[in-house]
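In what follows, chains carry the letters A, B, and so on, assigned in the order in which the sequence lines appear, proteins first and then strands, with residues in each chain numbered from 1.
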Number of protein chains: 2
Amino acid sequence: MTDPAAKLDAPPRKMSRETRRQQLIEATIETLALRGYASTTLTEVARTAGLSHGLVNFHFETKEKLLAETLLFLSEEYRLNWQTYLQAAGPTPAAQLHALLRADLDPAICRPSRLSAWLAFWGEAQGRPMYQARAGVNDETYNTQMEGICARLIAEGGYTGSPIRIARIIRLTTEGVWLDMITMRAPYDVAESQATIYTCAATFFPRHFGPDGLA
Amino acid sequence: MTDPAAKLDAPPRKMSRETRRQQLIEATIETLALRGYASTTLTEVARTAGLSHGLVNFHFETKEKLLAETLLFLSEEYRLNWQTYLQAAGPTPAAQLHALLRADLDPAICRPSRLSAWLAFWGEAQGRPMYQARAGVNDETYNTQMEGICARLIAEGGYTGSPIRIARIIRLTTEGVWLDMITMRAPYDVAESQATIYTCAATFFPRHFGPDGLA
DNA sequence: GAATTTTGATTGACAGACCAGTCAAAATCT
DNA sequence: AGATTTTGACTGGTCTGTCAATCAAAATTC
């Protein structure tokens, strides 16, 4: 039939390569979060995306590649997010640390499906160098940034202590509240997470931070 | 043959139920750590234990039950360890916090196979209430203890701050250095982990702790 | 004390289920 | 019409759980 209205109403059956790939990556994240790594099957990913099983292999060739690309996407999404926050921040180390902390609480990053998918990957990454390599590079640049900011804040703000260890504790606290939130071992919300993170920052840099944010 | 020497040298083919179960649980931990949750098969567990595949089902009925018992074992081992350290500590809150921190660095707990197995479980625990329930109970008593100790240390030591948040940050720092050590995102050894944890404690309680332990 | 029976752990082959990857045919777009 | 995407049945392989047979030790009998 050549009814133009029907054609416009129905979503196009064929979509661009990039759109389909992104759709399948999002479905993979959802499936990982909902069912875990071990129960994530290609059929389930396809069903979540509303597509057929064969399409996954058509666009990604193997399950391994789909998962690797999904991890890469998560990694890039995370890196892009904090780098955007950092560029928008002023030149002072306090403002930059504030930016990094807010970045990790951004709703695009700090939501259950994203965090659970991360955890599913970490749980399975042992002995799989491919996963570690992909995600490790971004981690390293993040750590370097955080350590540099802490070092400048210590120097300019008249604090003492090891910038590497302080940067590490702040990073571990951020990662830790994520884990708490998704595993619900100690149930609390984003507001309490934020307060915990800033309490940590305020303990190291009391003249620049308070439990509620920048002093 | 009735040669006593031969009997003592060769391991007995039949062993008690409890011994075999423990042997299989240890093999499960090793396999989880080495290959991850998704690649942990009953055949691989049996091979690690030097036994046949059928024995696993004989002793544990299902794979699910084997994994649940393994998680329970890890959980109990952890709880027993810190409770032992805590009982050996004096009555002061500083000594008790010191005991809890040293407990988490005990070689029985803080070794790759144990930590990797924990991570494999957490990665797969989403949407599986059974795992969360088993391990969650012990976590809760640990948190309660830690919060109580921090509350007393704040009160008696003349500190300020929220005991719940401070206890949380110390716990997250301990868990975080474990994760760092097994994922090797930021490679460092146990000595550096210990220094990081005590740096954290020293920041909250500077008159009682230093970067190297109790002040 | 030797021979025999009983008990219960142990093995490995097998069946049923599930999954990743393939591919020919169908549908859709240009 | 030709090119490209999409489908779903099919295949080969792997895993879990079952089970009949085996075997060593303990119990019992002679």
Classify the angle between the aromatic ring planes of B:His98 and B:Phe209 as parallel (below 30°), tilted (30 to 60°) or perpendicular (above 60°). tilted
For B:Leu86, does the CG atom have more than 12 heavy-atom neighbours from other residues, nucleotides or ligands under 6.0 Å away? yes
Measure the distance from CD on B:Glu61 to P on D:dC19 and round it to the nearest whole Å. 13 Å
Output the rounded distance in Å from CZ (A:Arg47) to P (D:dT6). 19 Å
Separation of atom CG in B:Leu51 from atom P in D:dT22, rounded to whole Å: 21 Å
Would you say a side-chain N or O of A:Arg17 is under 4.0 Å from OP1 or OP2 of D:dT5? yes
What's the CD-C1' distance between A:Glu44 and C:dC18, to the nearest Å? 13 Å
Using a heavy-atom cut-off of under 4.0 Å over every strand shown, decide if B:Leu42 touches base, sugar-phosphate, or nothing. sugar-phosphate
Using a 4.5 Å cut-off on heavy atoms from C-beta on, say whether the side chain of A:Asp106 contacts that of A:Tyr78. no
Whole-Å distance between C:dC19 C1' and A:Glu64 CD? 15 Å
Distance test, side-chain N/O of A:His59 to OP1/OP2 of D:dT5, below 4.0 Å: no
Could you tell me how far apart B:Phe58 (CZ) and D:dC19 (P) are, to the nearest whole angstrom? 14 Å
Using whole Å, what does the distance between atom C1' of nucleotide D:dT14 and atom CZ of B:Arg35 come to? 12 Å
What contact category does B:Thr40 fall into here, base, sugar-phosphate, or nothing, at under 4.0 angstrom with non-hydrogen atoms? sugar-phosphate
Counting the atoms with a prime plus P, OP1 and OP2 as sugar-phosphate, which does A:Ser52 contact under 4.0 Å by heavy atoms, base, sugar-phosphate, or nothing? base
Check: C:dG12 base within 3.5 Å donor-acceptor of B:His53 side chain: no
Side-chain contact check for A:Thr41: nearest option of D:dG17, C:dC19, C:dT10 is C:dC19
Any ion pair linking B:Arg171 and A:Asp180 (charged N to carboxylate O, less than 4.0 Å)? yes
Rounded off to whole Å, could you give me the CG-to-C1' distance for the A:Leu55 and C:dA26 pair? 13 Å
To the nearest 0.5 Å, what is the distance between CD1 on B:Ile109 and CZ on B:Arg114? 7.5 Å
